[in-house]
Asker: 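Please see the structure below; I have some questions.
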Amino acid sequence: MRVTVTYENGEIFQHFGHTAQFKFYDIENGEITSTEVVDTNGSGHGALAGMLSAMKADVLICGGIGGGAQTALAEAGIKLYGGVSGDADKAVEAFMADSLTFDPNVHCDHHGHHHGEDHPCGEDKHGCTGNGGGC
């Protein structure tokens, strides 16, 4: 199994679409066998789900995530555990122990901010509306 986490300085990065790095954990027989930190190289939103699929991720642990990215992950067969914060390694250990606290109704909530694509949150130019007003 391959678990990945949105990653920054050992912590779970809180906005999937803006994460600069993922940390991948390869797990076999209940043990972490290897880890790898991978740069996203500026990929954003939709491209990140494709990147995770190409990297053979089975699970994503993250903070906030928009509806379009959630759909792309589901279509790629990647199980989402969103709304998680804190130490990345500890979150993966909790996942392995079946004790990870997450929010099944997670959405990114950066109202009033911009995505860096010259459109404010709420304009559906990349599929991030339709989740209760979050982006």
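In what follows, residues are counted from 1 in the order of the sequence shown. Quick caveat, the model's predicted, so the values are computed rather than measured.
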Asker: Shared ILVMFWY cluster between Ile65 and Leu52, side chains joined below 4.5 angstrom?
Answerer: yes
Asker: Mind checking what makes ring-ring contact (aromatic ring centres under 6.0 Å, His included) contact with Tyr81, not counting sequence neighbours?
Answerer: Phe95, Phe102
Asker: Check whether any side-chain N or O of Glu75 sits under 3.5 Å from a backbone N or O of Gln70 as a donor-acceptor pair, and report yes or no.
Answerer: no
Asker: Between Asp39 and Asn41, is there a donor-acceptor pair closer than 3.5 Å when you use the side chain of the first and the backbone of the second?
Answerer: no
Asker: So which pairs with a foot in residues 52-77 pass ring-ring contact (aromatic ring centres under 6.0 Å, His included), sequence neighbours left out?
Answerer: none
Asker: For Ile12 and Ala91, work out which heavy atoms get closest and say how close.
Answerer: CD1-CB, 3.6 Å
Asker: Under the salt bridge (charged side-chain N to carboxylate O under 4.0 Å, His left out) rule, what pairs show up with a residue in residues 20-34, not counting sequence neighbours?
Answerer: Arg2-Asp26, Lys23-Asp89
Asker: What closest approach, in Å, do Cys62 and Leu80 show between heavy atoms, and which atom pair accounts for it?
Answerer: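 Where Cys62 meets Leu80 most closely, the heavy atoms are SG-CD1, 3.7 Å.
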Asker: State, yes or no, whether a side-chain contact exists between Val3 and Phe24 at a heavy-atom distance under 4.5 Å.
Answerer: no
Asker: Say whether Val92 and Leu60 are linked into one hydrophobic cluster, either directly or through other cluster members, by side-chain heavy-atom distances under 4.5 angstrom.
Answerer: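 Val92 and Leu60: separate clusters.
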Asker: How close do Val84 and Gln14 get, counting heavy atoms only, and between which atoms?
Answerer: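 Scanning both residues, the minimum pair turns out to be O-NE2, 3.0 Å.
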Asker: Measure the spacing between CD of Gln21 and OG1 of Thr4 and express it to the nearest 0.5 Å.
Answerer: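 It is 10.5 Å, given to the nearest 0.5 Å.
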Asker: Same cluster or not: are Val38 and Phe16 linked, directly or through other Ile, Leu, Val, Met, Phe, Trp or Tyr residues, by side-chain heavy atoms under 4.5 angstrom apart?
Answerer: yes
Asker: Determine whether Ile32 and Phe22 fall in the same hydrophobic cluster, where Ile, Leu, Val, Met, Phe, Trp and Tyr are linked whenever their side-chain heavy atoms lie under 4.5 Å apart.
Answerer: no
Asker: Answer with yes or no whether the hydrophobic clustering places Phe13 together with Met55; edges join I, L, V, M, F, W, Y residues whose side-chain heavy atoms lie under 4.5 Å apart.
Answerer: no
Asker: Would you say Ile27 and Met96 make side-chain contact, with heavy atoms under 4.5 Å?
Answerer: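 When only atoms from C-beta onward are counted, Met96 and Ile27 do touch, with a gap below 4.5 Å.
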Asker: Check whether Thr40 reaches the backbone of Thr19 with its side chain - one donor and one acceptor, N or O, closer than 3.5 Å.
Answerer: yes
Asker: Do Ser53 side-chain atoms and Ala49 backbone N/O form a donor-acceptor pair below 3.5 Å?
Answerer: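 Judged by distance alone, no pair lies under 3.5 Å.
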